[in-house]
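Just below is one structure, and these are the notes that go with it.
Per chain, numbering begins at 1; letters A, B, ... match sequence-line order.
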Amino acid sequence: MPDGHSSSDRAPRVRIAPSPTGDPHVGTAYIALFNRAFANAEGGKFLLRIDDTDRSRYQADSEAQIFESLRWLGLSWDEGPDVGGECGPYRQSERLEIYRQKAEQLLESGAAYRCFCTPERMAELREQQKAAKQDPGYDGHCRDLPQSTIDERLSAGTTHIVRLRVPDTGQTIVHDELRDPIVFENERIDDQVLVKSDGFPTYHLANCVDDCAMGVTHVIRAEEWITSAPKHVLLYQALGEPLPKFFHVPLLRNADKSKISKRKNPVSLIWYRDQGYLPEALLNYLATLGWRSSDEREFFDYDFFQSNFRPADISLGGPVFDLEKLGWLNGMHIRALDPSDLRARLERDGFLSGVSEDGLRAIFPLVSERLHLLSDFVQLTSWYFGEPDEYNAEDLLVKKRTPEETRETLDQAEAAFAGFDAYDSESVEAFLEQCRVEWGLKKPHLFMPIRFALTGRRETPPVNDVIAVLGRERVVARLHAAKNKFC
RNA sequence: GGCCCCAUCGUCUAGUCAGGCCUAGGACACUGGGUUUUCAUCCCAGCAACGGGGGUUCAAAUCCCCCUGGGGUCACCA
């Protein structure tokens, strides 16, 4: 319960706090996965809080996309803007009054102070510090303004911000569950802005206040937050709140090891869905980036992950995101689906427009093991739902066979299948073999021309299956058309 | 650059906490082979790593130190 005394021996409460500033990010899913699995395994709660305190980067449709993407992945939340919960509201822009009160409290206790420095002065300061090769940071200009000056400026309505008063001596230690204690010298910690001049809180204030108010017990977040963690520790202390347990998870990386980015890697969850990645495959892959079960298996479902995952087991090397391996896992998961399930996925993700039920049932077995992405389905089955690919007479030629011989074979095949009526895989296979022996042909010399005639391509399911699924009418017509390529 | 984090095959990792069982295991990718009418699936085999240097120890991938390398962060963005 969010009573201000949450401790880790009670049911954990964890959260993710994405910003609605663009496409839903794969890194958000990565962190969400760890948080949700941990909370659910421990009988705790997983909360979703929208961190929309930056008005300039706010994108109206982003929030809905975050919801949709996370739901697509199955990473649902127990409390959040759209599902409610006892600690709402869960959108930070709707909690301004709370932050205002907390800021006031910090001001009164002296843990924070009002700063009237203009952006111009700050820019100038930065220039000077840069020129003097000093560390950039606030110089404390407004740290100890006399009360009379403050009152004067306030009554004049001078715009200002609120900063955290960081002690200039001593150290702040961040206890991260995955690492040794991290020691920061207070003199190197900047007086962090807590309230911006537009009255909105910064991430630092809003997050600490909310995590306290929402009873968050474990903060599992990206490693990029380590440097600001001491500021958060100081804030918790100033607020008089107990510290959560911190787990800073390594960042996903591009192939060059830099932090994963849009320019070097697909990062939008929408992209993964549109490409035909299965949610369980993406989740499975993300889970293997930094975690391994004791039996080292790499192919598993969410339930397995949830019941075996321990946050403390997360490894610390920054994992390179490898689409190649994700693709392998995706194929594995596709092959693990039963036909009706696979059909449902294809349908849901829009890869099945105008395809009949019967047609699907027939073609499924032939392509399921050839799919790496759901989107492959369209190309893999175009010869079945449509016409063969365009091809030339030369394409029908198997090495060392002349056009005359090939035409003869196609002609024989056309006649044979016109008079054949058992269009099932086994019967066709037997019939083909019978013809082959009768006509004295090597397998490739018979199968390849037929394959090409029926599909217009070299790589297809077994020819007998293609024939069976196409049926007499289409088989005969396509063999006929192929034969005529030589006229 | 300051501060902070990290460091096993090309990539994801097991092994590190409790040093010997590690001539370092698995997976992806790659290469070769098998099955086979093509492709795919599947099976078998191969390639390939403890970043470097000092310690401690009978013994170090494992513990300590230095170096190097990589990453993050230094906003009135999150």
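As rounded to the nearest Å, B/rU73 and B/rG51 have P atoms that lie 26 Å from one another. Rounded to the nearest Å, the gap between the C1' atom of B/rG72 and that of B/rA29 is 29 Å. On the C1' atoms, B/rC64 is 7 Å away from B/rU56, given to the nearest whole Å. B/rG15 and B/rU62 have their C1' atoms separated by 8 Å, given to the nearest Å. B/rC50 and B/rU31: their C1' atoms are spaced 25 Å apart (whole Å). To the nearest whole angstrom, the two P atoms, one in B/rG52 and one in B/rU57, are 23 Å apart. Comparing the same atom, P, in B/rA14 and in B/rA7 gives a spacing of 11 Å after rounding to whole Å. B/rC42 sits 11 Å from B/rU36 when the C1' atoms are compared, rounded to a whole Å.
Ranking B/rU11, B/rC5, B/rA78 by closeness to the A/V320 side chain, first place goes to B/rU11. Side-chain proximity of A/F184 to the nucleotides B/rC12, B/rC3, B/rC42 is greatest for B/rC3.
Judged by distance alone, with hydrogens and angles left aside, A/R370 brings a side-chain donor or acceptor within reach of the base of B/rC39, the pair sitting under 3.5 Å.
In this structure, the side chains of A/P461 and A/R370 come closer than 4.5 Å at one or more pairs of heavy atoms.
A/T202 pairs by the side chain to side chain contact (heavy atoms under 4.5 Å, CB included) definition with A/V193, A/K196, A/H204, A/L205, not counting sequence neighbours. Residues meeting the side chain to side chain contact (heavy atoms under 4.5 Å, CB included) test with A/P89, sequence neighbours left out: A/E94, A/R95. Residues satisfying the salt bridge (charged side-chain N to carboxylate O under 4.0 Å, His left out) criterion with A/D322, sequence neighbours excluded, are absent altogether. With sequence neighbours left out, A/K130 forms a side chain to side chain contact (heavy atoms under 4.5 Å, CB included) with no residue at all. Shown here are the salt bridge (charged side-chain N to carboxylate O under 4.0 Å, His left out) partners of A/D61, two or more places apart in sequence or in another chain: there are none. Here A/K262 pairs with nothing under the salt bridge (charged side-chain N to carboxylate O under 4.0 Å, His left out) rule; sequence neighbours left out. Take A/D176 and apply the salt bridge (charged side-chain N to carboxylate O under 4.0 Å, His left out) test, not counting sequence neighbours, and it matches A/R179.
Contact annotation for A/G327: no contact, since no heavy-atom pair falls under 4.0 Å across all strands. Residue-level contact check: A/I182 touches the backbone only, with heavy atoms under 4.0 Å from sugar-phosphate atoms and none from bases. No engagement by A/P250 is indicated, since no non-hydrogen atom pair under 4.0 Å with the nucleic acid exists. Within 4.0 Å (heavy atoms only), A/S19 reaches sugar-phosphate atoms of the nucleic acid but no base atom. Residue contacts for A/R297: at a heavy-atom cut-off of 4.0 Å it reaches no nucleic acid atom on any strand shown. Using a 4.0 Å heavy-atom cutoff across all strands shown, A/T288 reaches sugar-phosphate atoms only and no base atom. Residue A/R436 is out of contact with every strand shown, counting any heavy-atom pair closer than 4.0 Å.
The nearest whole Å value for the distance from the CG atom in A/D313 to the C1' atom in B/rA14 is 12 Å. Distance CD1 (A/I189) to P (B/rG2): 18 Å, rounded to an integer number of Å. Computed from coordinates, the A/N186 CG to B/rC4 C1' distance equals 15 Å when rounded to whole Å. Protein atom CD of A/E63 is 16 Å distant from nucleotide atom P of B/rA78, rounded to whole Å. At whole-Å resolution of the value, CD1 in A/I334 and P in B/rC42 are 13 Å apart. Here B/rA14 presents its C1' atom at 11 Å from CG of A/D295, a figure rounded to the nearest Å. The CD atom of A/E127 sits 12 Å away from the P atom of B/rA75 (whole-angstrom rounding). Summarising the geometry, the separation between CG on A/L252 and P on B/rU11 is reported as 15 Å, rounded to the nearest angstrom.
If you find the closest nucleotide of RNA chain B to A/A255 and to A/V193, the one lying nearer the 5' end belongs to A/A255. Mapping A/H372 and A/V183 onto RNA chain B via the closest heavy atom, the residue that lands nearer the 5' end is A/V183.
Between A/D191 and the options A/R114, A/R163, A/R143, A/R165, a salt bridge (charged side-chain N to carboxylate O under 4.0 Å, His left out) holds for only A/R143.
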- Query: Stepwise, does the side-chain hydrogen bond (donor to acceptor under 3.5 Å, both in side chains) test hold for A/T460 with A/R451?
  - Reply: CA-CA 7 Å; A/T460 76; A/R451 183 190 312 284; 2.8 Å; yes
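Base pairing annotation: B/rA29 forms no Watson-Crick or G-U wobble pair, as no partner gives both donor-acceptor distances under 3.5 Å. B/rU23: no Watson-Crick or G-U partner with both key distances under 3.5 Å is found in any strand. The partner of B/rC3 is B/rG72, by the rule that a Watson-Crick or G-U pair needs both atom distances under 3.5 Å.
Sorted by first and then second residue, the salt bridge (charged side-chain N to carboxylate O under 4.0 Å, His left out) pairs with a member in residues 246-256 of chain A read A/D256-A/K264; sequence neighbours excluded. A ring pair (Phe, Tyr, Trp, His ring centres under 6.0 Å) check over residues 158-186 of chain A, counting only residues at least two apart or in different chains, returns the pairs A/F116-A/H160.
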- Note on the structure: Reading nucleotides 61-74 of chain B from 5' to 3' and marking B where a protein heavy atom lies under 4.0 Å of the base, S where only the sugar-phosphate is that close, and - otherwise, the string is ---------SSBSS
- B/S/- contact track for nucleotides 22-37 of chain B, protein heavy atom under 4.0 Å: ---BBBSS-------B
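Applying a 4.0 Å cut-off to non-hydrogen atoms, the residues of residues 49-59 of chain A that approach RNA chain B are A/D51, A/T53, A/D54, A/R57, listed by residue number.
Between A/F364 and A/F377, the ring planes are tilted. Angles from 30° to 60° get that label.
If you check the side chains of A/S261 and A/N254, you find a donor sitting under 3.5 Å from an acceptor.
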